[in-house]
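Notes follow the structure.
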Number of protein chains: 2
Amino acid sequence: MPDERRPRSVTRADVARYAGVSTAVVSYVLNDGPKAVAPLTRERVLDAVRVLGYRPNAAARALSKGAADMLGLLVNDNRNPFFAELCHALDQASAETGRSLLIVNSDRTQVTTSEQIRDLVSRQIGGLIIADVLTAREQALVESLGIPAVLIGPFGETDGLQSIGVDFCAGTRESTTHLIEHGYRDVAFVGSAARYDDRERGWREALVDARLAPGMLLHVPFSYQGGYDAGTRLADAERRPRAVVAASDQIAIGMLAAFGERGIRVPDDIAIVSFDGTVTADFVWPRLTTAVQPLEQMAAAAVRALLEPSPPGEHHAFPARLRIRESCGCRPGGGE
Amino acid sequence: MPDERRPRSVTRADVARYAGVSTAVVSYVLNDGPKAVAPLTRERVLDAVRVLGYRPNAAARALSKGAADMLGLLVNDNRNPFFAELCHALDQASAETGRSLLIVNSDRTQVTTSEQIRDLVSRQIGGLIIADVLTAREQALVESLGIPAVLIGPFGETDGLQSIGVDFCAGTRESTTHLIEHGYRDVAFVGSAARYDDRERGWREALVDARLAPGMLLHVPFSYQGGYDAGTRLADAERRPRAVVAASDQIAIGMLAAFGERGIRVPDDIAIVSFDGTVTADFVWPRLTTAVQPLEQMAAAAVRALLEPSPPGEHHAFPARLRIRESCGCRPGGGE
DNA sequence: CTGAAAGCGCTTACAG
DNA sequence: CTGAAAGCGCTTACAG
């Protein structure tokens, strides 16, 4: 028996020969076009494919068509729970259109993001999903490359690119109002200093609506550590707020750790609401009341935006939905 | 000005023309081989590349070479924090060899894992990393495809495939022993029923070493929910154990929620150690004492195993390192 | 050290 | 409805 390892894979020509047709016809039936094929011929081809175990070579197809059945995703760090969930949703959504997702983390030191974008494009991706903040230069690069692109995540809207997000302002306003309805008058906010982020504004507006004085405002990175640091500062404040709005679940969880460490009880000593609706928020104690982002819908919209692009600059904001749990002081499932 | 969108990209032929050489020479300099090129010619080519802003077409290259500069990764669910960190490490490791990572989640209902494997291979990936449990059929498929493959994660070793993991038995044995040294005599174990998982054995051996009676044993899925359920059962047990070994951080965190909900204090009422060393373990309260898996090293080893394959069946186990924090009853950073 | 040319496996006008 | 053939942009023996 000759060397059988990595058998030269069967090619379109083999299928054509076996079925007694031209390779063109094989293409037509496999791609359902662009030409019609007689039902009987079609059956013969399909049969040959089955018998031979034929699989098209995606690279050849990509070269020929000038486009691979792949989408690119640029994300800062797929370990961040929110982005991990977003990646997953995007993988699903793009798989539903028969495309694979090439995920690239931009938090790498050896390579610039521009390099990564160029690399993605050289792989003939059909579109680029950006779940990351881009510098003006980088965005200009993306626009000049001429491939469909869409921004997704908490990065606001921008001229020149389509974008998908949620209504952060309304979401935070609602959760802040919820806290106020619990009777807390002194409501702090912990979020990022990013100017594209509307969560701070939502919090502010809710306080104004309720004619409350502005609460304590802390800017930290979007991470457990950021939340932990904020929690520490809140705990040590001369007048500790009675409630706090966290801009993300991660921040809230970091705060929980800082509070736990100091014996500060949530929600009894300080109530918390947060944003995102990641799974982890449901498995800390107390469970987090959080504004849930509809990731599946957002992901589907992002993929759609690549396949049938809208005008650049167009922004689609989905509503967040407040999920009530224990951290705000409610007793869901308790005595309702 | 004519239509400038998506300018026909500059090709190797353009570069060759501009530099006044053949396309072969362009290839030689860009790939550093297989032929040598005169220094001056080389400069001319490099210059042309710069001036024209040339980028090789990866699809053409893949077709020509029969291999894309891509590695495939099959993972059950990239949202699981441990696997999210593993994905990230693998992305880094493969990027370091100039390859992109095509990540595919197998937790999809519309498509079989075998289909996903075939799809990956049709994209001409240079190797397949499997961070997932495979059925015998699926593994046979991988082997028959003849591409380099490696199993990574808590899935043990297997004939026919190279694999990378950590020494679960020793790791758990060490953490269990640590608990015992705290004076706890009644140590439970919460893990999976998987026969490839050696963590249960490590726990058992530590108890035997200490001449302790076997503790309570619970089998649950590797998830927050699994941990939560286990925590509930532990809490409701007629004789609640004094300490528990969790097979993963996620399980431990789920247990923490169940305990928190019932007012059971950790570590005062029940001490916990877990496994994995994910970031989240450091930001719950109490912080988890956990056996850390050296993900970067494991990822690098996995990529290496693809590029210079070892004999199938070969297994490389890395040691886990116990990270002491508060959940076991220690006071790290406290009064040491 | 360099070039002309075949080939990788597809897709798709162009004829019939 | 089907086929012969050019072309996608690379790589790499094969000559010189």
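To find a chain, count down the sequence lines: A is the first, B the second, and so on, and within it residues start at 1.
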Students often get this wrong, so: under 4.0 angstrom with heavy atoms, is A:A38 touching a base, only sugar-phosphate, or nothing? sugar-phosphate
Figure out the [atom1]/[atom2] separation between [X] and [N], and round it to whole Å.
X	N	atom1	atom2	answer
A:Q124	C:dC10	CD	P	17 Å
B:R17	C:dG3	CZ	P	14 Å
A:L52	C:dG9	CG	P	14 Å
A:R123	D:dC10	CZ	C1'	14 Å
B:L63	D:dC10	CG	P	12 Å
A:N31	D:dT2	CG	P	16 Å
A:R55	C:dC8	CZ	C1'	19 Å
B:L30	D:dT11	CG	P	8 Å

Would you say a side-chain N or O of [X] is under 4.0 Å from OP1 or OP2 of [N]?
X	N	answer
B:N57	D:dC8	no
A:R61	C:dT11	yes
B:T11	D:dC8	no
A:R12	C:dT11	yes
B:S27	D:dC10	no

Which nucleotide in the set [options] lies at the smallest distance from any side-chain heavy atom of [X]?
X	options	value
A:Y28	C:dA13, C:dA5, C:dC10	C:dA13
A:T23	D:dG3, C:dG3, D:dA5	D:dA5
A:A36	C:dT11, C:dT12, D:dC1	D:dC1

Taking pairing as Watson-Crick or G-U wobble with both contacts under 3.5 Å, can you name the mate of D:dT2, or confirm there isn't one?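 Here D:dT2 is engaged in a pair, and the nucleotide opposite it is C:dA15.
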Taking all non-hydrogen atoms of both residues, which atom of [X] and which atom of [Y] are closest, and how far apart?
X	Y	result
A:S94	A:S100	OG-C, 4.1 Å
B:I152	B:A302	CD1-CB, 3.9 Å
B:R61	B:D69	NH1-OD2, 3.3 Å

Spacing of CG belonging to B:L74 relative to CD1 belonging to B:I130, to within rounding of 0.5 Å: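 Atom-to-atom, B:L74:CG and B:I130:CD1 are 6.5 Å apart.
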Between the base of C:dG7 and the side chain of B:S64, is there any donor-acceptor pair under 3.5 Å?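 Flag set: donor-acceptor pair detected.
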Which residue lies more 5' along DNA chain C, comparing A:Y54 with A:K35 via nearest heavy atoms: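 Per heavy-atom nearest nucleotide, the more 5' residue is A:Y54.
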Is the B:F83 ring parallel, tilted or perpendicular to the B:F155 ring (thresholds 30°, 60°)? parallel
